[in-house]
Amino acid sequence: MDINALYNEWLEKATGDPDLTAELESIKGNDDEILDRFYRSLEFGTAGLRGVIGAGTNRMNIYTVGRATQGLSDFLNKNYENPSIAIGYDSRIKSEYFSREAAGILAANGIKVYIYEELEPTPCLSFAIRHFKTSSGIILTASHNPAKYNGYKCYNPKGYQMTDEEAAETYEFIQKVDYFTGIKKVDFDTAVADGRIEFIGQEVIDVFLDEVQKQCINPDVVKAADLKVIYTPLNGTGNKPVRAILDRIGIDKVYVVPEQENPDGNFPTCPFPNPEIKQVFEIGLEMNKNIGADILLATDPDCDRVGIAVPDKSGELVLMSGNEVGAMLLNYILSERKAKGTLPPSAIAVKSFVSTDLAEVIAKKYNCTFKNLLTGFKYIGELITNLEEEGRASDFVMGFEESYGYLAGTHARDKDAVVASMLICEMAAFYKTKGMNLVDVMNALYDEFGYYNNDVQSYTFEGAAGMEKMAGIMDGLRVNTPSEIGGYKVTAVSDYKASKTAFTDGGEEAIDLPKSNVLAFALEGGNKVIVRPSGTEPKIKAYITAIGDSKDGAAAVAQRLIAAADEFMK
């Protein structure tokens, strides 16, 4: 591949967006900048596309989006009779622009398009696919990444992200498409006028909210609790639907962070719009000095993740982890549904295998079947769909991932911060009537089940050299498997790429899950280290589980394991 020739072709032909022309002109003669934009094409996988917004094959722009959409169109036309698709988008830079470009391409290929009138959360896209019975879905979002990123996620007819097989076949079609000459397109407004593109209106959002509200367990308690909530949508899509659902269940004291209320893809006050990061709560924490809220709530830009901060007895705000919130929600749902007689006898809960093992212990208390699946909410969506096909959809109680993604109900097949925000606030209201805040609740769970310290360490590897480094780290761990980590003996190694677990005593066991580039090291004492490259970011993540009889004891174990993980990444 002649990268300079590729650059010159784009300089000549990529004239559809003035921003791209200006960027290409600005890097003329700069080999490093040209290389970074053209050394590869954005990879299309089960998470679709994700990358920095800008010019080149390794960037998110109308040509990379257009090429992906033409390939998707060819895939749909091959596999479906009279195919249709739903499209959503978030507040990110160029999200609406990309969504309309995609709609015009799909319509030109004879595919009926349903597109939201304005930005909406990712779970609303999942809901629309099943509501309209479409063949596929697209949402333009980069979730919680910094402002320079955007992404393009593709869904199947069942409402969850494409399977590996569907993505691979779609990618085969994409690779055949020329960025500049291979894309069919019709004017967006023309296609709206002739019915090929149809807007999704508020009536569909209302039906979505109706389904979310059905998950409310204790509405009378919520109204009586006089809960105070500070909420930030982080300049994303959650503002309207989250406020609407909280109002529906009787929470009327919701104070929205004004600087982060309206859509803004630049995220001026939260450069990393990720509810896992304490910085996104800083303005809300300042507001709280005059409000005295019971809980602070933050949803990410596409509103599929939610994080919380809660004041403890001293008034100091505690940022609670995704694992803690998942464990509390599961305990709340199971205990209250059992008390009300609405818990199905064959109830099922599920989490990603890197999430806290505390959830399994809680589920066991209520005789709830528990499943561990690969990271990626599509696997939870697939489980729900399989239950539905067996006539057992009502058995699904809850699914979650440690990265702040939760789902109760079967209205969506992706994580949903609208229903999660509702249930978190309901849970806080319920325990408030009992004189407890959520810090008290979490401490009570630790007292009952033992202290689980779960940490996630992220290691970033940018650019072409970074990709090689990540591959080398994973290969090195496979070839030179450690016998101990942080002073704790390795008792088993699970290689999800090889689909097997090897025990240090010589035994072996098959892993009945799809292949994935993940290594899990089981350690003595129930401790664990899982190493996994991100599928959407230039990162490797190390998931640490440290178990102890006390907070300090578990924290000390965690620090030893984190230090060992740091050494792996050098």
Side-chain angles (χ1 to χ4, degrees), residues 121-124 126-127 208-225 227-229 231 233 238 241-251 254 275 294-300 303-310 320-340 342-343 347-351 355 359 362-363 366 368 377 380 384 394 396-412 414-434 436-438 441-442 445:
T122 288
C124 292
S126 176
F127 177 80
F208 168 81
L209 292 173
D210 290 343
E211 292 301 312
V212 169
Q213 191 173 355
K214 289 177 183 177
Q215 298 307 308
C216 186
I217 302 169
N218 284 304
D220 293 338
V221 170
V222 172
K223 292 174 183 177
L227 196 76
K228 287 184 180 180
V229 179
Y231 170 56
V242 170
R243 292 170 75 175
I245 199 65
L246 295 184
D247 181 67
R248 280 183 177 217
I249 66 168
I251 299 175
V254 179
D294 298 293
I295 186 169
L296 278 72
L297 202 69
T299 54
D300 70 342
C303 196
D304 64 351
R305 303 170 194 249
V306 57
I308 65 170
V310 181
M320 307 200 78
S321 73
N323 279 316
E324 290 178 321
V325 173
M328 283 191 294
L329 274 176
L330 180 62
N331 183 72
Y332 172 70
I333 292 169
L334 290 175
S335 61
E336 284 306 294
R337 289 191 64 180
K338 183 175 182 179
K340 292 180 177 298
T342 62
L343 185 66
I348 293 177
V350 60
K351 68 176 179 67
S355 302
I362 291 169
Y366 296 99
C368 174
F377 227 86
I380 297 176
I384 298 169
S394 60
F396 176 73
V397 173
M398 179 189 162
F400 79 95
E401 292 185 330
E402 51 76 35
S403 53
Y404 291 58
Y406 318 94
L407 177 65
T410 60
H411 58 283
D414 209 338
K415 49 190 175 287
D416 179 7
V418 182
V419 74
S421 295
M422 181 193 77
L423 285 170
I424 289 168
C425 289
E426 177 190 329
M427 176 172 65
F430 174 82
Y431 287 113
K432 183 181 179 181
T433 64
K434 298 183 178 301
M436 300 172 71
N437 61 38
L438 295 185
V441 174
M442 194 67 238
L445 291 177

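These numbers come from the heavy atoms of this one structure, side chains and all, not from hydrogens, waters or symmetry mates.
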[X] and [Y]: which non-hydrogen atoms are nearest, and at how many Å?
X    : Y    : answer
A408 : L423 : CB-CD1, 3.5 Å
I249 : M422 : CD1-CG, 3.6 Å
C425 : L227 : O-CD2, 3.4 Å
L334 : A363 : CD1-CA, 3.9 Å
S321 : Y404 : CA-OH, 3.5 Å
C368 : A349 : SG-N, 3.6 Å

So, do [X] and [Y] sit near enough that their side-chain heavy atoms are less than 4.5 Å apart?
X    : Y    : result
C303 : V418 : yes
N218 : K340 : yes
F396 : V350 : yes
N437 : K432 : no
I384 : L407 : yes

Give me the one residue out of D416, V306, I380 that meets side-chain contact (heavy atoms from CB on, under 4.5 Å) with Y406.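 Of the listed residues D416, V306, I380, the side-chain contact (heavy atoms from CB on, under 4.5 Å) partner of Y406 is V306.
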
Looking at P233, P275, S421, which hits side-chain contact (heavy atoms from CB on, under 4.5 Å) with L297?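 That would be S421.
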
Take I251 and V229 through the test side chain to side chain contact (heavy atoms under 4.5 Å, CB included) and record every step on the way to the result. CA-CA 8 Å; I251 299 175; V229 179; 4.0 Å; yes

Could you state the interatomic distance from [atom1] ([X]) to [atom2] ([Y]), rounded to the nearest 0.5 Å?
X    : Y    : atom1 : atom2 : answer
Y366 : S335 : OH    : OG    : 4.5 Å
Y332 : I424 : OH    : CD1   : 12.0 Å
E211 : T410 : CD    : OG1   : 7.5 Å
T342 : R337 : OG1   : CZ    : 4.5 Å
Q213 : Q215 : CD    : CD    : 11.0 Å
F127 : T122 : CZ    : OG1   : 15.0 Å

Please determine whether side chain to side chain contact (heavy atoms under 4.5 Å, CB included) holds for the pair E401 and K351, giving the CA-CA distance in whole Å, both sets of side-chain angles, and the decisive distance to 0.1 Å. CA-CA 6 Å; E401 292 185 330; K351 68 176 179 67; over 6 Å; no

Closer than 3.5 angstrom, by distance alone: can the side chain of [X] be matched with the main-chain N or O of [Y] as a donor-acceptor pair?
X    : Y    : answer
E426 : I217 : yes
D300 : D304 : yes
S126 : A412 : no
Y231 : G238 : yes

Check the side chains of R305 and T299 for a donor-acceptor pair under 3.5 angstrom, ignoring hydrogens and angles.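 The answer is no; no qualifying pair exists.
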
Applying side chain to side chain contact (heavy atoms under 4.5 Å, CB included), run through L296 and I308 and close with a yes or a no. CA-CA 5 Å; L296 278 72; I308 65 170; over 6 Å; no

Using the rule given for side chain to side chain contact (heavy atoms under 4.5 Å, CB included), can you reason through M427 versus L438, listing the C-alpha separation, both sets of side-chain angles and the distance that settles it, and then say yes or no? CA-CA 8 Å; M427 176 172 65; L438 295 185; 4.0 Å; yes

Assess the residue pair H411 and D210 against the criterion (side chain to side chain donor-acceptor pair (under 3.5 Å)); give the C-alpha distance rounded to whole Å, side-chain angles, the decisive distance to 0.1 Å, and a yes or no. CA-CA 10 Å; H411 58 283; D210 290 343; over 6 Å; no

